[in-house]
Amino acid sequence: MPSLPSFSKAAAPPPPMPPKPTWDPRPVNIRPFPWLRPTIRIRLTLLYGGMFLMAGIVLLTIIYMLAADALHNGSALPLKILGGKFQSTSDICDLPTETSGPLLQEAVNQCLQQQRAVALNSLLNRSLLALLGLTVVAFAFGYAMAGRVLAPLGRITRTAQRVAGSDLHRRIELGGPDDELKELADTFDEMLDRLDRAFESQRRFVANASHELRTPLAINRTLLEVQLADPGASPELAQLGKTLLATNERSEQLVEGLLLLARSENKVVDKRPVDLSEVAAQAVEQMRGEAQAKGVELRGVRQQVFVQGNGVLLERIALNLVQNAVRYNVAEEGWVEVSTEPRPGCAVLVVANTGPVVPAYEVENLFEPFRRLRTERTGSDKGVGLGLSIVRSVVRAHDGSITAEPREGGGLTMRVVLPL
């Protein structure tokens, strides 16, 4: 057997240790005296502790004054001596001034007890009234001070509500003491800065993608149309050109749909009054030729109702719904009903059609991009699979809602609710 090569028993030298950092790894935002920070807990403790101390001092002062008055009234002698005779001075009891000795002393003691009881009762009633008054004042003062302390929180909430409307340029910029609310506001401002940069980057990407994707497709379409216009082209070449032109048109629709879907994810800020019935009527007119070619009847009653929104995007909602209703329909005696009606506080667009039977569990999948009934990817000449996704995005951008319900016998009922 060949002998195995022998290895040296000397251990390999250990790898060199990494150099120690020369910088201080402590966090930058550590405060030298964190216990001196005017936090909300400390401020509220001082505020309510001071209020309790002030209320206690005021209450003790009032009770002291009332007790002094009660002692003065309760300890006063109920009689006085005038001309060697006793005369009663009490309004509470009637002393027998004609008698003297033990009977008069007993009557005076009873009268003093009655005066003390009346004085204590008066002290109790006045103390309760003072406590009630101080309670009302304390609640009012506490409510005002709590509102003052929580005012920055209301400012943060209002800014968050404005940001929810896609106004990402707003900032809280909260001043005042360096407490928890200011820390929350600064963190919120930093988050808004990142979101603003991310959305701005997305908008630039959409604009660049729009130009970069549309230009070559437009060039391809032009070249194909020029080639098809050549009378000397062979039938095979003409057929190939038509196929490529249809594929190019489908790619253009896909790009337009993706770009519109990306833009419609944001809220619509610049809203104007739009007649929803006019938008629906325009969508019906645009699809009338294709509906007649497929034998689909277009009908419905469209009442005038105005909503606040973007007219182009609202027209896209109606057009996509009517387009889907026409294309996904039955071969004979099909119909599409497009109606609009006002409701309290909202407007409703309803698009119902005949068509294939849609299971209830498949309805939600229809709103996903590139999803169709019983298929997950595109493979049909009826569209690129983005129509309902775009509709839902545009409806959400208008603070509305869309629902789909399967009809008995086949087809769907699409209902779009938009706020006025």
Side-chain angles (χ1 to χ4, degrees), residues 27 29-81 86-95 105-161 171-189:
N29 294 328
I30 289 184
R31 296 174 175 84
F33 302 102
W35 53 275
L36 290 177
R37 184 185 178 195
T39 61
I40 295 181
R41 175 179 293 180
I42 295 176
R43 292 165 59 193
L44 289 178
T45 302
L46 295 176
L47 176 63
Y48 289 110
M51 290 175 57
F52 179 79
L53 180 61
M54 291 177 58
I57 293 174
V58 173
L59 184 60
L60 286 177
T61 303
I62 295 176
I63 291 178
Y64 176 80
M65 296 174 63
L66 294 177
D69 183 66
L71 289 175
H72 176 73
N73 295 331
S75 301
L77 290 174
L79 52 82
K80 62 182 178 178
I81 302 174
F86 295 101
Q87 183 178 358
S88 176
T89 59
S90 176
D91 297 332
I92 300 174
C93 52
D94 188 13
L95 294 175
Q105 183 66 34
E106 183 179 357
V108 169
N109 291 336
Q110 292 179 357
C111 186
L112 286 175
Q113 291 179 2
Q114 293 179 7
Q115 289 184 160
R116 292 192 187 98
V118 171
L120 289 176
N121 190 24
S122 176
L123 174 63
L124 179 60
N125 294 333
R126 293 181 181 181
S127 299
L128 290 177
L129 290 177
L131 179 61
L132 181 60
L134 283 177
T135 302
V136 174
V137 173
F139 272 106
F141 188 71
Y143 183 81
M145 296 305 297
R148 184 178 180 85
V149 173
L150 298 178
L153 188 60
R155 183 175 174 182
I156 295 174
T157 303
R158 289 189 296 271
T159 304
Q161 290 173 349
R171 297 294 181 271
I172 301 174
E173 297 178 353
L174 187 65
D178 186 17
D179 55 10
E180 293 90 344
L181 290 180
K182 189 176 187 305
E183 184 179 2
L184 175 62
D186 293 342
T187 305
F188 194 74
D189 285 342

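For reference, positions follow the sequence shown, starting with 1. Any value given below was found using the heavy atoms of this structure, including those in side chains, with hydrogens, waters and symmetry copies removed. It should be emphasised that the depicted structure is a prediction, and the values quoted were computed from it without experimental measurement.
Annotation: salt bridge (Lys or Arg N to Asp or Glu O under 4.0 Å) contacts of Asp186 (sequence neighbours excluded): Lys182. In terms of the side chain to side chain contact (heavy atoms under 4.5 Å, CB included) criterion, residue partners of Ala185 (sequence neighbours excluded) are, by chain and number, Ile156, Ile172, Leu174.
With values rounded to the nearest 0.5 angstrom, Leu131 atom CG is found 8.0 Å from Ile63 atom CD1. How far CG of Asp189 is from CG of Leu184: 9.5 Å, rounded to the nearest 0.5 Å. Atom CD1 of residue Ile62 and atom OG of residue Ser127 lie 9.0 Å apart, to the nearest 0.5 angstrom. Within the model, atoms CZ of Arg126 and CG of Asn121 stand 11.0 Å from one another, a figure rounded to the nearest 0.5 Å. Considering CZ of Phe141 and CG of Leu134, their distance stands at 13.0 Å, rounded to 0.5 Å.
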